[in-house]
Amino acid sequence: MAATPYTRGLNRIADGCYAWFEPPGSWGLANSGIVVSGDEVLVVDTQNDVPRARGLRDAVREVAGSGEVGTVVNTHADGDHWFGNQFFDGARILATAEAAAEMRELTHDPRLIRKAAAAAEGRELRDFLNWRAEMFDYTDWRPVFPTETVTAKSSITISGTQVDLIPVGPAHTRGDVVVHVPERGVVFAGDIVFQRSTPMVWTGPVSNYVAACEMILALEPVAVVSGHGPVAGRSGIRELCDYLTMVLEHASKRFAAGDTQLEAFESLDLGEYRLWAHSSRVFQAINAVYSELDPQRPAASFAESMEIVLAHDSY
Ligand SMILES: [Zn+2]
């Protein structure tokens with residue numbers, strides 16, 4: 001099969017399966033998926049801001065004709081995967097119970113991004129939040145939350161096409177779900193899969209993240225739509241597993257030797273993975289491994305972690 005181009009907007013992946021890409025897939029620039037069957041439509045993740053979500057909604061109309069979006073799946077609680085839900089209000093909106101709870105906390109309310117920037121103690125986080133405020137448009141934004149939660153592997157049917165929802169969290173966040181369309185050989189992986197960039201492990205455990213990648217490989221998909229970056233083949237997922245395993249082993253060794261998270265970060269030789277965008281995100285993965293090994297040990301907070309990650313990142 002020819003590789004799917006990684007161009008902004010709508011791209012056909014397989015019969016009735018499409019991806020909406022936001023290159024280069026950096027912070028906040030996430031992919032969405034569309035599954036069309038008969039006169040029914042399912043959308044996976046709804047983009048980060050108002051113009052992007054409107055673009056996705058218009059793209060759905062382009063491929064689905066009169067088909068209405070009956071179902072939305074939010075793969076997890078990061079804003080770049082659900083802030084566009086208002087354009088699909090009225091649809092059945094599914095997420096894991098953990099993700100739905102996290103969304104309702106609205107810890108990173110996009111309407112308050114300038115205030116959050118002004119309140120940030122660190123310069124790196126302040127600059128980053130101001131950059132995000134410039135980059136994304138939340139005029140007339142309102143939160144629309146999931147209407148139903150997924151607690152175990154389950155199947156739904158979109159006009160005769162089976163769609164499997166497979167919870168795999170906590171991994172990237174507290175509650176991640178992977179969407180599989182078996183008869184089309186397509187997986188919409190959300191942020192379990194990053195391609196050409198370094199995965200962000202907000203919560204871990206990293207071992208769950210690896211297990212989720214192995215589970216996707218076992219599905220033997222033809223195409224995996226990543227959360228950020230181009231479509232992944234099996235080799236791309238294997239590479240991600242190898243990377244996460246390398247980080248897990250390094251961090252475990254440094255933990256046993258008594259190093260701090262920062263020392264473990266500074267002593268890590270990333271090898272070829274240094275070429276992945278946002279390579280300093282590995283600090284947060286190390287932080288997650290430390291929390292996994294000793295839940296009592298104080299983890300670096302979001303602000304502390306971002307200060308270190310962003311100091312080495314040019315977005
Ligand atoms: Zn994301």
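Every number for a ligand or one of its atoms is a count from 1 in the order of the listing. This structure is a prediction, so every number in the text was calculated from the model and none was measured. Values below: all heavy atoms of this structure, side chains included; hydrogens, waters and symmetry mates excluded.
No more than 12 heavy atoms of other residues, nucleotides or ligands shown are found within 6.0 angstrom of CZ on Arg123. Environment of CD in Glu68: sparse, with no more than 12 heavy atoms of neighbouring residues, nucleotides or ligands closer than 6.0 Å. Within a 6.0 Å radius of CD in Glu121, other residues, nucleotides and ligands contribute 12 heavy atoms or fewer.
The Zn ion (ligand 1) has no N, O or S atom of His172 closer than 2.8 Å. Taking 2.8 Å as the threshold, His76 does not count as a candidate ligand of the Zn ion (ligand 1), since none of its N, O or S atoms lies below it.
Side chain of Asn31 to backbone of Ser226: a donor-acceptor contact under 3.5 angstrom is found.
Geometry note: the Zn ion (ligand 1) is the vertex, His228 NE2 and Asp191 OD2 are the arms, and the angle is 100° (rounded to 10 degrees).
Between the Zn ion (ligand 1) and the N, O or S atoms of Asp80, the shortest distance is to OD2.
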